[in-house]
Amino acid sequence: MTPILRIEDLSKSFGGVKALKTVSLDVGHNEILGLIGPNGAGKTTLFNCVCGVFPPESGRVLLKNKDITRQPTHRIAHLGIGRTFQIVKPFKNLSLERNILASLCKDRTKGLSPIMFGTGLKKHRQEVLRLLNLVGLEEYIDQTPMTLPLGHQKRMEISRALALHPKLLMLDEPFAGLSQEDITPLLQVIKNLRSEGLSILLIEHNIPYVMELCDRLVVLNFGEVLCEGTCEDVQSDSRVIEAYLGS
Amino acid sequence: MLQQVVNGIIIGSLYALIAVGLTMVYGILRILHIAHAAVFVSGAYLGLLVYTYTQSLILALILAAVGCSIFGWLIQRFLYTPLLTEARIVPLIASVGLFILCEDLFRLLGGPYIRAFKVDLWFDKLIFFDTVVTAHQCLIVIGTAACLVSVYFLINRTKLGLAWQATAQDMDTAKAMGINIKQVINFNFIIASSIAAIAGVLTAINYNSVLPTMGSVPAYKMFAIVVLGGLGSIPGTIAAGLIIGMAETIMSAYFGFIMPRDAIAFSAMILILIFRPQGLFGKGV
C-alpha cells in the first residue's frame, strides 16, 4: 500500500547551514509518526518544506503518490495537508467560528455559498460546530482565541486544520507549554482522530506522550535521519541517547 | 453651527472614502500606497470624461470605478508584487514616484487647468430651518454610505472578505489554511481602487472642478487620517475621516486665524504619533 506521505531525499540549507540533508521518511495510512530530535535538528524546517513555506533544494514530497514539491502553500493545503504551529497562530481578532470558516473558504465543492447570509450562514455554522465538537470546544464558538487558555487555542488550531478535510495532519509540538489539565483532553483528541482514520505526523519533545501516541518514530539530528523504528527500538538505540545527552 | 457640522460631515465622508482604500492596502501588503491618490484623480478624470459624453452620472461612477479597478490592479501586479521581497521603503518610494509621474500625465492629457464638473440633479437644495444641504451634498452622503455599507458587507459576509480578514491578520497562516493570497490581493486592490474612483468623482462634483494636482493634498492627508484611525483598521479610518473633516471645517470657520486648514490633519497626526502611536482605534502595533 502506498504511504500517505512520502518524503524522498529532501535537502534544504539556509546560507551555509544545512538544515536538512537528504531526509527520507514515510507516513503510513492511519499511522501516527513521531518526529523527534534535539533543538535545531531540522524538524520544523521539514514541516515547512512539506507545506511549501519554502521550497526544498532537492528531493521530492509525495502526498498519496502525487508530487506536491514546490506547489504553493495554499494548494498543498487544498490537496490535503492540515497543520498547526509550534507557537500558536490563531487569527486573533476573529471569533473561533470565523477562524474555522477561514479554512473552509477553499471549499467550493460542498455547496457552501460564497455569500454568508441567512441559510448559507446557518449551514456554515453547523459545519463549524461539527469541527469544534471534534476538539471539544463547541461552547466557545463565539469567543475570540486570545480569551481562551493556550490548550484551547492549540485545539482550535487542530480544528481549523481539520476544516481542510486533510489526508494528513501535521502537529508541531502540540504539548509544548501545556499544563496537565490541558494535556489530557488533547491526548484524547489526537487518539480520536487516529481512530477515525486520519494519519498524523507529530513533532514533540515530551517523550512520555510521544510513546503513548506514536506507532513509529523518526529521530532527526543535525538535519539527518539518525534512526527510525518502533518506540522501543528507538528508546534503546545508543545513538539517540548520545544525540540527546552527548557522549 | 449646524451648517458647519453638515459641511464637516461632507468633507469627512470624502476623506473617509479615500482613506479606506489606503488602509485596506496597508492591511494586506503593509505598503504605504501613496499612488492611491493617483487612482483617485484618474477616477475624477474618467468620471468627467464619461459624464461629458453620456450625461449619465450613474454611468460615470460605474465606468470610473471599473477603470480605476484595472489601474489599481496594474499597480499591484507590476509595481508592488515584484517589490514585495524588498525592504518596505522600496515600494513606498516606487509609489511616490508613480504618483508624481501620474500627476504629470494628468497635466499632459487633461491640460494644466481646472476643468468644471457640473452635474445637475433633479433638485437643487434642501433647507432645514436655516441649514442648507445642497443636492450635491446629499449625493455625497448617499454615495459614501453606499460604498461603506458595500465594503462592510463584502468584508463580513462573503468568503472572500473573510479570507481578506484572515490574510490581513496573518498572511502565512492564511496560506497554510488554504487561502489563495493572490486572489485576496486582487480583490483588495479592486475594491480599494473602485472606492477611490467614486471618491474622485464625488470630490470633483463637490468642488465643481477636476485638476491635475487635486490628488496632492489627499495623498498626504489620507495618511494622517489612516494614522489617526489606526493603520489597517477600517472602522477607525472611517471615524478618523469624519473627525478630521469636522475638525477642519469647524476650526477654519471659527478659529481660522490659528492655522491653515490643511495643517490640522497633520497636527493631529503628530500628536497621535507622540501620544498614541497605535491610533485612536488601533489594537497595538
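Not measured: the values here are computed from a predicted model. Naming convention: chains lettered A, B, ... in sequence-line order (proteins, then strands); numbering from 1 in each chain.
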Please lay out, stage by stage, how A/Asn48 and A/Arg83 fare under the test side chain to side chain donor-acceptor pair (under 3.5 Å). CA-CA 10 Å; A/Asn48 285 337; A/Arg83 73 172 293 188; 2.8 Å; yes
Regarding A/Lys154 and A/Glu157, does a basic nitrogen lie under 4.0 Å from an acidic carboxylate oxygen? no
B/Ala168, part contacting chain A, at a heavy-atom distance under 4.5 Å: neither
Tabulate, in ascending numerical order, the residues of residues 137-146 of chain A having at least one heavy atom closer than 4.5 Å to a heavy atom of chain B, or enter 'none'. none
Could you label the plane-to-plane angle of the B/His33 and B/His36 rings as parallel, tilted or perpendicular, counting under 30° as parallel and over 60° as perpendicular? tilted
Might you work through the side chain to side chain donor-acceptor pair (under 3.5 Å) test for A/Asn39 and A/His205, ending with a clear yes or no? CA-CA 9 Å; A/Asn39 284 326; A/His205 282 300; 3.3 Å; yes
Heavy-atom closest pair (A/Leu148 atom, A/Gln153 atom, distance to 0.1 Å) is O-NE2, 3.1 Å
Residue of the set B/Leu83, B/Leu84, B/Thr85 for which side-chain contact (heavy atoms from CB on, under 4.5 Å) holds with B/Val90: B/Leu83
